[in-house]
Amino acid sequence: MKNFRSFLFLALAASLAGCNGEDNCKPSAADISGTWVIFESNGVTLMENERYVNIFDHRSGLDIYAGREQIDDTQSQWVEEPAGTFKVVNGVLYEEWYNYDGSFGAQVSDISLKDDIMTVRVADSDEWYRCRRVDESMKARMAGIWEGRSTDKPNPLWFCWSFKSNNSYDFWCEDQGSYAFIPTNNGKYYVYGDMVVCTYTEELGGGDGTQTIPGEHCECWTMSIAGNTMTWTATRDYGVASYEMTKRTVLPTAPPQ
């Protein structure tokens, strides 16, 4: 399996440098304990599918990375790396881990905090990256049944999603005036602040139903919820993708006319 933790440090490595005015120049392990989304590399905002999640637990000393991994030209998956260990001494982050192939990895980084943004500068590199502290508070608001469709494509199909508390979701697709349940979807979802990750085993035409791409798929989105309306947006290679959904109390039998 491709080790994206090594890729992350290669692509997002940061130079060992000073605090540059950050509020907390020497954070402790307790200060960084929690979940972080890596959203920027070397001053460039990462597209949603390029973002990674880093979880630190200062009580256990464990350090977990998770991210989207490309399997081949059409398939992708969400992968959580084996837990590593970390410690922080005088604002310097020390990480060690073993990869899936059994090889050992280690990294030393200078870190600084400003509000809920952590800047990481890895030794012996010209680059740097930033991550945002997040929580799962949006997950409770996301639970339930939603009806919606793509807002960036012409004549999109309607869909329904039922997001469950166990991180799975059911999926229905518009079909000849009604909704057809997709039993092969095998949907899973993960919420990190306003970042939502959806995995599934079949794609129905990217929102317009013109083609079916079987296999494993993973998509990352930026989510917002206002009242009973939820929107997903993401920057892709081809432009901005978006969905808008309305919360329903029961599963609709047919799409809006």
Side-chain angles (χ1 to χ4, degrees), residues 3-9 11-14 22-24 26-41 45-69 76-88 91-97 99 105 107 109-122 128-143 163-169 187-199 218-225 230 232-234:
N3 174 31
F4 66 80
R5 182 196 282 260
S6 295
F7 173 78
L8 172 65
F9 283 125
L12 305 182
E22 277 79 3
D23 291 346
N24 187 350
K26 292 185 178 181
S28 66
D31 289 329
I32 69 169
S33 190
T35 303
W36 301 81
V37 172
I38 300 169
F39 68 92
E40 183 180 305
S41 171
T45 300
L46 299 172
M47 292 189 293
E48 280 77 0
N49 280 345
E50 298 172 334
R51 298 177 185 180
Y52 292 85
V53 174
N54 194 186
I55 303 171
F56 297 105
D57 184 349
H58 74 283
R59 293 163 298 186
S60 65
L62 294 180
D63 169 10
I64 298 172
Y65 273 81
R68 182 179 182 271
E69 182 180 80
S76 55
Q77 60 186 348
W78 187 251
V79 178
E80 186 175 284
E81 284 279 286
T85 59
F86 81 101
K87 62 181 180 180
V88 179
V92 178
L93 172 65
Y94 299 85
E95 298 175 280
E96 295 182 349
W97 67 90
N99 300 313
Q107 188 70 51
S109 309
D110 182 66
I111 58 175
S112 56
L113 291 179
K114 185 174 183 180
D115 299 324
D116 284 331
I117 302 296
M118 178 164 60
T119 302
V120 181
R121 301 174 174 88
V122 179
W128 52 272
Y129 65 91
R130 295 203 301 161
C131 36
R132 179 182 294 108
R133 191 196 302 272
V134 300
D135 59 31
E136 288 191 347
S137 59
M138 293 284 281
K139 181 179 177 181
R141 299 179 63 191
M142 186 176 170
F163 296 102
K164 305 176 183 180
S165 60
N166 64 355
N167 289 98
S168 69
Y169 70 93
K188 297 286 185 182
Y189 76 103
Y190 310 91
V191 178
Y192 308 98
D194 65 354
M195 176 180 175
V196 58
V197 178
C198 284
T199 66
C218 173
E219 293 181 351
C220 305
W221 300 84
T222 296
M223 167 181 56
S224 65
I225 300 177
M230 177 165 61
W232 292 1
T233 59

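- To the nearest 0.5 Å, atoms CD1 (Ile111) and OG1 (Thr119) are separated by 10.0 Å.
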Kindly indicate, with the supporting measurements, whether the criterion side-chain contact (heavy atoms from CB on, under 4.5 Å) is fulfilled by Ser112 and Arg121.
CA-CA 9 Å; Ser112 56; Arg121 301 174 174 88; 3.5 Å; yes
Candidate pair Tyr65 and Glu95, rule side-chain contact (heavy atoms from CB on, under 4.5 Å), full reasoning:
CA-CA 11 Å; Tyr65 273 81; Glu95 298 175 280; 3.6 Å; yes
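- To the nearest 0.5 Å, atoms CG (Asp57) and CD1 (Ile32) are separated by 11.0 Å.
- Not a single side-chain hydrogen bond (donor to acceptor under 3.5 Å, both in side chains) links Trp232 to another residue, sequence neighbours left out.
- How far CG of Asp194 is from CG of Asp135: 10.5 Å, rounded to the nearest 0.5 Å.
- In terms of modelled atom types and a separation under 3.5 Å, the side chain of Ser33 and the main chain of His58 share a donor-acceptor contact.
- Without hydrogens or angle criteria, Asp115 side chain to Ile117 main chain gives no donor-acceptor distance under 3.5 Å.
- A pairwise comparison of heavy atoms in Tyr192 and Val37 identifies CB-CG2, 3.9 Å as the closest pair.
- The side-chain heavy atoms of Val197 and Arg51, taken from C-beta on, include no pair separated by under 4.5 Å.
- Contact record, Cys220 with Ala234: O-CB, 3.7 Å, taken as the closest heavy-atom pair.
- Between Asp31 and Trp36, the closest heavy-atom pair is O-CZ2, 4.4 Å.
- Side-chain N or O atoms of Ser76 include one that pairs as donor or acceptor with a backbone N or O of Cys218 at under 3.5 Å.
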Decide yes or no on side-chain contact (heavy atoms from CB on, under 4.5 Å) for Glu50 and Ile38, but give the supporting numbers first.
CA-CA 9 Å; Glu50 298 172 334; Ile38 300 169; over 6 Å; no
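- In this structure, the side chains of Met195 and Tyr190 stay at 4.5 Å or more apart for every pair of heavy atoms.
- A heavy-atom distance below 4.5 Å is found between the side chains of Phe56 and Asp63.
- In this view, Tyr189 and Phe163 satisfy the ring-ring contact (aromatic ring centres under 6.0 Å, His included) rule, not counting sequence neighbours.
- Nearest heavy-atom pair, Val191 versus Met142, reported as atom, atom and distance to 0.1 Å: CG2-SD, 3.8 Å.
- Once rounded to the nearest 0.5 Å, the distance linking CG of Asn54 with OH of Tyr129 reads 6.5 Å.
- For the atom pair NZ of Lys114 and CZ of Arg130, the computed distance is 9.0 Å after rounding to the nearest 0.5 Å.
- Across all non-hydrogen atoms, the minimal contact from Met138 to Gly193 is CG-O, 3.4 Å.
- Heavy-atom minimum distance, Ala29 versus Val88: N-CB, 3.6 Å.
- Rounding to the nearest 0.5 Å gives a distance of 12.0 Å between CE of Met223 and CD of Glu48.
- The side-chain hydrogen bond (donor to acceptor under 3.5 Å, both in side chains) test applied to Lys139 returns Asn167, not counting sequence neighbours.
- The shortest side-chain heavy-atom distance between Met118 and Arg133 does not fall under the 4.5 Å cut-off.
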